[in-house]
Amino acid sequence: MSDYLWDKSGTPHPEVERLERLLEPFRYRSGVKPIGPRRPRASMWVALGAAAAVLAAVGLWRMVRPVSEAWSVSVVRAEGPSRTMSLRSGQTLETASGETAHMSLAHVGNLDVEPSTLLRVVTSRSNQQRFALVRGTIHAHIGAAPRVFIVSTPSATATDLGCAYTLHVEPSGDGILRVTSGLIEFDWDGRRALVPSGALALTRVGTGPGTPFFGDASAAFRDALASFDFEPGTRSREAALRVVLNSARRRDAVTLLNLVRTVDASRRAAVLERLAQLSPPPATVDMSAVVSGRFESLQPWWNALGLGHHPEVQLF
Amino acid sequence: MLTEELALRFSEACRLPAPQPKRAPIEVDEQLVRSASDGDRAAFSRLYESFAPLVHGILLARVPRDEVDDLMQDVFLTAMTRLRSLRDPRSFGGWIATVARNRATDYHRAPHGSALPDQLPSPRPIETEAWFVLEAIRMLPEAYRETLVLRLVEGMNGPEIAERTGLTEGSVRVNLHRGMHMLRDALSRRRP
């Protein structure tokens, strides 16, 4: 590796070579564009016919295509005037330590961006808004249809199901989500959390989102939940789960409802039992199906807890 | 070390570019520097093309990417007006590297002196993972981050970096290896 890293001699080291390829888009490029060769001319009639066909196709496509959209951005500085700009797919907003920004897009919603935040618009189209929050904090107030507004972070992806929330990402990539209205789906590599209004969820690089909880839960409950979610070791996780179950209040049923899907199958019945003590299940919940890993019937239980969701969204 | 798993996580726009051909070393032509110093715009243009990657890399290691192009113009404008003060044309690389570092320092000293354009240039999408890696590099100590950006982003090799910046080859080699070690640690902390 030393030769390749130093002078690019010898066999390319896979790790270095991969970083080179990954970072190459940041490389300096001269602004001069080469002029391409001319295409040979087609006959006039062939060209006219082709043009008509293309125009018809373009017209049809324009009627149905998802339209690229720009976010209006106002960058506010602690000193000096604010500036306005627009952000489209592939563009980035980086606020300095004394800057905040307000972003808006009419049919989607608003974003307030805190200082020292790096936010990239991955895709901004009428049918999909995807962002990458590399670091920093955003406050999102979204009115778009569910699953249109999505924010990826280094450790979890937040999918809007109709809501307002704050998402913070540490430079390490760890983060925290706080939902203030509606519901967020927070997921990573098959690990999924449903975070309702008033709840929080931590997320850790390499692990993904933890189990949602309410901020007014007891310290013992929160600490044990963090241990269960992020600390390795079966025995410590078992002990932590016991504390979570024993110290849960009725209001913490949302945590247990999420836990039902994430605990080992052998512990599922215990979580369901405690959940039922805190909030008896509606008659439509098929407990034996849930124990066996079929979670569809958790939906009425979620509804009974008053956690709310968009009627068109299947949560379980 | 990065994994394919991490790459796939952010792979919606995953279009890894083909590796660039190795850049041929460009020796600093003393006469070129002298001609540019005497007001020869063509000579200065050639210096610009030769040293733009160096200046770009130094700035990219220090300031937001969207500011880099504007600050590059500042650096070369400063260089053009002050080139006569350069006594030894052979030290042009180290000299303009210092101008670039100073401009980056001024940028951070100024009260929010950034100038965000109405439309940020984006010649092509850059995948999210690349941003995470660049951020990880930018959090390393200054000497390491600059050397790593010149090597991994701008595509220079170690001897070129030494030649352009005026650093000794030994220093560049140490910065590369220590920087790579620290980068590997930083990235591995993001993995299970």
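In what follows, chains carry the letters A, B, and so on, assigned in the order in which the sequence lines appear, proteins first and then strands, with residues in each chain numbered from 1. FYI, side chains are in, hydrogens and waters are out, and symmetry mates aren't considered; it's all heavy atoms of this structure. Nothing here was measured: the structure is a model prediction, and the numbers come from that model.
- Ranked by non-hydrogen atom pairs under 4.5 Å with chain A, the options B:G57, B:A52, B:P159 are led by B:P159.
- Once rounded to the nearest 0.5 Å, the distance linking CZ of A:R27 with CE of B:M156 reads 9.5 Å.
- Proximity to chain A (any heavy atom under 4.5 Å) is shown, for B:L148, by neither the backbone nor the side chain.
- No more than 12 heavy atoms of other residues, nucleotides or ligands shown are found within 6.0 angstrom of NE2 on B:H181.
- Taking CG of A:L23 as the reference point, atom CZ of B:R151 lies at 11.0 Å (rounded to 0.5 Å).
- A:V134 has its side chain out of reach of B:L134: every pair of non-hydrogen atoms, C-beta onward, lies at least 4.5 Å apart.
- Neither the backbone nor the side chain of B:V149 comes within contact range of chain A; no heavy atoms are under 4.5 Å apart.
- From B:E154, atom CD reaches atom CD of A:E20 across 12.0 Å, with rounding to the nearest 0.5 Å.
- For the atom pair CG of B:L152 and CG of A:L5, the computed distance is 7.0 Å after rounding to the nearest 0.5 Å.
- Only the side chain of A:R135 comes within contact range of chain B, judged by heavy atoms closer than 4.5 Å.
- Shown here is B:R178, whose CZ atom has no more than 12 heavy atoms of other residues, nucleotides or ligands within 6.0 Å.
- A:R192 CZ: more than 12 foreign heavy atoms inside a 6.0 Å radius.
- Only the side chain of B:L60 comes within contact range of chain A, with heavy atoms under 4.5 Å apart.
- For residues 68-95 of chain A, the pairs satisfying ring-ring contact (aromatic ring centres under 6.0 Å, His included) are A:W71-A:F131, with sequence neighbours left out.
- Minimum heavy-atom separation, B:H56 to A:F26: CE1-O, 2.9 Å.
- Using a 4.5 Å heavy-atom cutoff, the side chains of A:Y28 and B:L54 are not in contact.
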